[in-house]
Amino acid sequence: MEKPRQIVFATNNGHKLAEIRRIMGREWDVLSLSDIGCDADIPETAETLQGNAEIKARYVKDCFGYDCFADDTGLMVDALNGAPGVYSARYAGPGHDSAANMALLLENMKNENNRKAHFSTVIALVTGDEIHFFEGRVDGEILREAEGTDGFGYDPVFRPDESDRSFAQMSADEKNAISHRGRATAKLIDYLKTL
Ligand code: ITT
């Protein structure tokens, strides 16, 4: 077997890292921020997923010199005019607390019959002087209560249209096959193969 190719994934979220490593498989050696000695909590100051993904990927390229990609993800809920959206990580405050974020979301959706929502992921890839973006989206609905214990973040309260279970009730492979991140990463892999 050929040696795996190395690439850096700029995330502090271990769940995202595990998903991406599984999706990219043995052909890729996906290095984390800690693998390259970066312990920064890179500020996400943009107002779009694309903008924040670009900030994270460029930070690593500029400070450490590695070709790199980053993922920014949001859960957009129709009845909440697209919230929490780009602010999904900080919906209930600055602590990145998934239980609090989900509780606030369920509370804000308590009297809503329109449960439609989608996850979007934008991956920014910085190679040399170039930047490329890859998007993935999955449509579904917000459940009335949390179901399942696998996955992470908002997974227990999101059911994709393709399934009768929440993301947190699926195996990693089932989620990756239809998820926002799985779809964006498939496009990333196709592009990387051309380099
Ligand atoms: P990095 O920026 O370090 O990559 P993060 O957790 O801050 O990690 P985001 O800025 O993309 O990631 O925040 C997205 C929020 O949405 C965060 O609260 C996640 O828990 C949640 N999230 C991201 N991907 C998800 C997924 O596949 N399923 C459920 N929730 C997810």
Side-chain angles (χ1 to χ4, degrees), residues 8-23 30-36 38-60 68-77 80 82-106 117-125 133-143 146-160 163 165-185 188:
V8 175
F9 177 32
T11 185
N12 285 309
N13 184 322
H15 299 282
K16 280 188 185 178
L17 180 66
E19 283 189 0
I20 292 265
R21 280 187 170 148
R22 196 173 175 97
I23 298 164
V30 181
L31 302 181
S32 67
L33 289 179
S34 63
D35 289 334
I36 61 164
C38 172
D39 58 7
D41 187 11
I42 305 162
E44 296 180 34
T45 49
E47 283 173 16
T48 60
L49 298 178
Q50 179 170 325
N52 282 330
E54 176 168 354
I55 288 173
K56 291 185 266 191
R58 282 206 193 278
Y59 180 93
V60 169
C68 170
F69 68 93
D71 152 326
D72 206 53
T73 295
L75 174 63
M76 289 71 178
V77 180
L80 303 177
V86 74
Y87 305 108
S88 293
R90 298 160 268 162
Y91 191 42
H96 288 244
D97 179 337
S98 289
N101 287 340
M102 269 193 299
L104 181 60
L105 178 63
L106 289 179
H118 65 273
F119 274 111
S120 281
T121 290
V122 176
I123 290 175
L125 169 72
F133 297 98
F134 308 92
E135 297 185 35
R137 166 178 171 147
V138 59
D139 288 273
E141 66 162 17
I142 302 300
L143 298 171
E147 289 180 27
T149 51
D150 288 333
F152 69 100
Y154 296 90
D155 280 346
V157 296
F158 183 85
R159 183 189 64 75
S163 176
R165 288 168 296 145
S166 79
F167 269 155
Q169 293 172 305
M170 294 182 185
S171 69
D173 288 340
E174 282 174 311
K175 178 183 171 189
N176 290 340
I178 56 171
S179 78
H180 44 299
R181 181 163 300 103
R183 288 172 175 159
T185 309
L188 169 72

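Counting convention: from 1, in listed order, for ligands and their atoms alike. For reference, positions follow the sequence shown, starting with 1. Predicted, not measured: the structure shown is a model, and the values here were computed from it.
Under 4.0 Å is where a charged nitrogen must lie from a carboxylate oxygen, and between Asp71 and Lys56 no such pair does. A salt bridge between Lys175 and Asp155 is present, with a side-chain N of the basic residue lying under 4.0 Å from a carboxylate O of the acidic one.
Here the shortest heavy-atom pairing between Ser166 and Pro156 reads CB-O, 3.8 Å.
Of the possible polar contacts, none joining the Tyr154 side chain to the Leu105 backbone as a donor-acceptor pair under 3.5 Å is found.
Separating the CZ atom in Arg137 from the OG1 atom in Thr121 is a distance of 12.0 Å, to the nearest 0.5 Å.
The residues lining ligand 1, counting any heavy atom closer than 4.0 Å, are Thr11, Asn12, Asn13, Lys16, Glu44, Lys56, Asp71, Asp72, Thr73, Ser88, Ala89, His96, Ser98, Phe119, Phe152, Gly153, Tyr154, Asp155, Lys175, His180, Arg181.
Partners of His15 under the ring pair (Phe, Tyr, Trp, His ring centres under 6.0 Å) rule, at least two apart in sequence or in another chain, are Phe152.
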